[in-house]
2 protein chains.
Amino acid sequence: MHKISIKDVAKKANVSITAVSQILNNKGERFSEETIKKVLQARDELGYVPNSAARNLKVRHSRLIGIIVPSFRMPFFADIIQSMQDNAPEDVNLVFIGSTADNLQSSIYSLVERGVQALIFGRPIPNRDVVNAFLKKRHIPYLVLDQNADINAQDMVQTNEFTGGSLAASHLLSLGHRDIALILPNELTDNMRQRRAGFLDTLSAANVTPVSVISSALSKHGGLAVVHQLIQSQATAAFVLNDEMAIGVLRGLTWQNVKVPENMSIVGYDDTDYAEFMVPSLTTIAQPVAEIGQSALNMILQRLAHPNLPYQTAFFDVKLVIRESTAKLLLD
Amino acid sequence: MHKISIKDVAKKANVSITAVSQILNNKGERFSEETIKKVLQARDELGYVPNSAARNLKVRHSRLIGIIVPSFRMPFFADIIQSMQDNAPEDVNLVFIGSTADNLQSSIYSLVERGVQALIFGRPIPNRDVVNAFLKKRHIPYLVLDQNADINAQDMVQTNEFTGGSLAASHLLSLGHRDIALILPNELTDNMRQRRAGFLDTLSAANVTPVSVISSALSKHGGLAVVHQLIQSQATAAFVLNDEMAIGVLRGLTWQNVKVPENMSIVGYDDTDYAEFMVPSLTTIAQPVAEIGQSALNMILQRLAHPNLPYQTAFFDVKLVIRESTAKLLLD
DNA sequence: TTTGAAATTGGAAGCGTTTTCAAAAAAATT
DNA sequence: AATTTTTTTGAAAACGCTTCCAATTTCAAA
């Protein structure tokens with residue numbers, strides 16, 4: 001019934017509350033060996049666990065950081081948050097939320113109610129201005145992952161999406177493909193736009209334009225649903241803006257008896273866990289996911305320590321991973 | 001600098017703190033229209049957001065529920081937590097932790113420091129006794145997912161793992177297979193044991209014993225690493241205890257030019273998102289993941305509302321999903 | 001012994017809320 | 001106009017903790 005508090009251990013150890021607090025927080029050098037022992041023992045016998053709500057209230061901060069991603073179910077983000085958690089310092093607490101555009105606002109609100117001191121956005125922010133104003137007003141710094149944003153408004157970590165798209169294009173080009181399709185999600189996020197830009201630029205530098213640009217739902221099923229369009233386009237290769245969709249495409253192609261890579265080359269994006277396990281394994285653009293997660297966390301921790309330093313942007317490079325889903329164009 | 005508090009809005013609205021508190025918590029019927037309006041307006045102008053640490057301290061509860069899973073990167077658990085979050089009532093907060101056996105204890109500790117009122121374990125609990133004692137002492141109810149446990153010690157949600165294993169066996173049997181391998185993870189969790197039991201029982205009822213039992217790391221790479229053993233076993237079919245490993249196996253088999261299902265049938269377990277996208281698509285045992293997540297959350301909420309009701313166990317059925325990775329044994 | 005310094009300890013305020021209970025104001029009844 | 005009833009409001013305590021600062025004890029030096 002009765003939650004045991006610092007008062008209880010003070011009473012049991014026959015010392016003041018002050019002593020208990022100081023000692024348990026490793027600030028008790030000034031106390032005698034004996035008191036220290038008494039306190040520790042009382043703590044253990046009682047099984048006292050401090051109440052961080054009370055602590056936070058008093059010290060006026062929480063060491064709580066909120067991380068907002070579109071969904072836990074996307075491997076890319078699962079990797080990111082796992083790497084954050086694995087690398088978080090002992091004394092900081094992370095809270096993850098998978099949040100759609102619809103409830104982003106209320107997610108943010110609930111997070112600041114809970115006292116987060118900083119936020120990391122792994123997803124696009126609708127109404128960026130109001131979110132920014134809201135957060136700035138409360139002095140809650142935030143960081144955005146892979147999104148265009150005012151470089152002077154917050155920290156960012158970015159990967160070289162443009163290069164990514166470009167790498168995909170030159171790979172396909174170098175294999176001799178000229179009839180190339182582009183498959184992109186219905187709703188383009190900033191990073192997707194850059195992938196596309198890099199891809200398109202490199203293509204047009206070689207004087208080729210895509211034979212087809214296809215919109216798909218951002219999911220495996222989305223990719224699957226779109227393969228007949230791809231087939232009709234007469235393309236010999238396709239760049240699919242992320243691995244999830246690419247996996248769907250691969251699957252659909254096999255069902256339609258289109259051989260990959262003999263009759264169609266496919267390159268994805270993200271180098272998700274699953275890419276190398278597809279049949280055929282998926283050529284794709286790899287991002288250093290773990291580093292991205294760590295870096296984001298570290299930057300925001302930095303920010304908390306030094307609120308007034310100029311905002312920073314971390315850049316990560318991207319690389320092409322060649323696997324089985326792409327091959328030289330066969331001439332007939 | 002200065003975080004704005006209830007006091008500020010009271011001052012601005014020219015009313016008491018009491019009034020503000022009551023009104024903003026929808027307990028302000030007794031106040032006049034006018035005061036209510038003043039308060040709301042002041043709240044809005046100031047952009048006041050209540051401090052839940054203070055609130056929790058005062059009301060002595062948090063509506064916070066901790067969910068501990070082995071890793072965010074396992075699709076099965078990603079699905080579970082997503083479904084929990086999607087179905088959580090407005091006023092409850094969820095905090096997810098991906099925790100290995102090593103830091104389970106400290107994860108739990110940190111969660112109770114943060115004031116969780118209940119816990120859901122999606123992973124095995126080493127030292128169950130001490131965990132149980134720790135939690136019971138603090139009146140923190142918990143629920144376990146798919147684990148053996150004293151039915152009178154906590155709530156549980158289980159799926160019919162035994163049936164799952166059995167279904168896999170009879171499917172393979174009915175296809176004419178008699179040389180069947182079993183691939184299981186290095187470390188068997190309770191639910192894995194049951195899968196195995198169901199599988200083995202059904203096999204032996206038909207008078208067959210596995211030609212080989214192979215241990216693998218619980219991952220795609222683990223499955224991959226183990227295919228040569230599988231091939232050497234001369235099995236014509238294998239039951240792999242989860243989809244992740246099965247995906248690895250599928251991949252390895254293709255590389256070894258073993259045709260699935262012509263030369264080897266494979267059945268997995270979980271019906272992960274990816275199962276249907278493999279080439280060949282994976283026959284597997286499906287669990288109603290979303291329902292499981294919701295049910296777990298609802299049960300623990302129930303428990304919070306009625307701490308003294310007898311513990312309950314929810315059972316979910318499991319079903320065989322036949323896809324391309326299994327086929328009739330070809331006679332030669 | 002006395003004194004002063006050093007070592008050790010504890011009282012109390014306050015963090016932002018909620019809630020009880022009494023007080024004040026307004027309205028209704030004599 | 002006086003009284004009672006009803007409506008509306010606010011003061012203050014408490015939740016569990018940290019921390020400032022003053023109080024007490026111990027000990028060495030005079």
Side-chain angles (χ1 to χ4, degrees), chain A residues 1-40 42-43 46-64 91 112-117 138-139, chain B residues 1-40 42-43 46-64 91 93 112-117 138:
Chain A
M1 264 326 79
H2 166 73
K3 271 252 181 71
I4 87 108
S5 79
I6 197 174
K7 215 181 292 181
D8 300 305
V9 1
K11 180 147 21 137
K12 174 140 202 163
N14 224 325
V15 299
S16 71
I17 288 180
T18 307
V20 178
S21 172
Q22 303 260 18
I23 291 172
L24 295 187
N25 287 299
N26 295 316
K27 291 174 182 161
E29 319 81 5
R30 64 192 173 111
F31 291 98
S32 68
E33 279 296 326
E34 203 200 330
T35 344
I36 294 182
K37 204 165 59 189
K38 281 193 299 181
V39 167
L40 260 23
R43 188 263 314 263
L46 258 24
Y48 167 67
V49 177
N51 176 329
S52 68
R55 166 163 226 282
N56 293 346
L57 185 58
K58 180 65 199 179
V59 302
R60 313 178 62 123
H61 65 247
S62 61
R63 300 292 274 162
L64 222 210
D91 71 329
V112 343
E113 254 188 340
R114 286 167 76 176
V116 291
Q117 290 192 256
R138 288 162 185 75
H139 305 96
Chain B
M1 266 323 79
H2 166 73
K3 271 253 180 71
I4 89 108
S5 78
I6 197 173
K7 216 181 290 183
D8 300 304
V9 0
K11 179 145 23 135
K12 174 139 201 164
N14 225 324
V15 299
S16 71
I17 288 180
T18 308
V20 178
S21 173
Q22 302 262 19
I23 290 172
L24 294 188
N25 288 297
N26 294 317
K27 293 174 182 163
E29 318 81 5
R30 64 195 174 109
F31 291 96
S32 67
E33 278 297 323
E34 202 199 330
T35 356
I36 294 182
K37 203 166 60 190
K38 278 194 299 183
V39 167
L40 261 23
R43 188 264 313 265
L46 258 23
Y48 166 67
V49 176
N51 176 328
S52 67
R55 165 163 228 280
N56 292 345
L57 184 58
K58 180 64 200 179
V59 301
R60 313 178 63 120
H61 66 248
S62 61
R63 300 295 272 163
L64 222 210
D91 70 330
N93 284 125
V112 345
E113 255 188 340
R114 285 166 77 177
V116 290
Q117 291 191 255
R138 288 163 186 75

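Letters A, B, ... mirror the listed sequences (proteins, then strands); counts begin at 1.
The main-chain N or O of A:Ala53 is never found under 3.5 Å from a side-chain atom of A:Asn56 such that the two would form a donor-acceptor pair. A donor-acceptor pair under 3.5 Å links the side-chain atoms of B:Arg138 to the main chain of A:Gly47, judged by distance alone.
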Distances for protein N or O near nucleotides 14-20 of chain D N or O, under 3.5 Å:
| unit_1 | atom_1 | unit_2 | atom_2 | d |
| --- | --- | --- | --- | --- |
| D:dA14 | N3 | B:Lys58 | NZ | 2.8 |
| D:dC15 | O3' | B:Arg60 | NH1 | 3.1 |
| D:dC15 | O2 | B:Lys58 | N | 3.4 |
| D:dG16 | OP1 | B:Arg60 | NH1 | 3.4 |
| D:dG16 | OP1 | B:Arg60 | NH2 | 2.8 |
| D:dG16 | N2 | A:Ala54 | O | 3.3 |
| D:dC17 | OP1 | A:Tyr48 | OH | 2.4 |
| D:dC17 | OP1 | A:Asn51 | N | 3.0 |
| D:dC17 | OP2 | A:Ile6 | N | 2.4 |
| D:dT18 | OP1 | A:Asn25 | ND2 | 3.1 |
| D:dT18 | OP1 | A:Arg55 | NE | 3.1 |
| D:dT18 | OP2 | A:Ser21 | OG | 2.7 |
| D:dT18 | OP2 | A:Asn25 | ND2 | 3.4 |
| D:dT18 | O2 | A:Lys58 | NZ | 3.4 |
| D:dT19 | OP2 | A:Lys27 | NZ | 3.1 |
| D:dT19 | O4 | A:Thr18 | OG1 | 3.2 |

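One can place NZ of A:Lys37 at 13 Å from P of C:dT9, the figure rounded to the nearest angstrom. Rounded to whole Å, atom P of C:dT19 lies 13 Å from atom CG of B:Asn26. Between the C1' atom of C:dA25 and the CZ atom of B:Phe31 lies a distance of 14 Å, rounded to the nearest Å.
Base-pair partner of D:dC21: C:dG10 (Watson-Crick or G-U wobble, both distances under 3.5 Å).
Considering every non-hydrogen atom in both B:His2 and B:Asp8, the closest pair reads NE2-OD2, 3.1 Å. Heavy-atom minimum distance, B:Ile36 versus B:Gly28: CD1-O, 3.8 Å. Closest of all the heavy-atom pairs between B:Ala42 and B:Val9 is CB-O, 3.9 Å. Shortest non-hydrogen contact noted between B:Lys7 and B:Ile17 is CG-CD1, 3.8 Å.
Contact annotation: B:Ser32 reaches the phosphate of D:dT9 (side-chain N/O to OP1 or OP2, under 4.0 Å).
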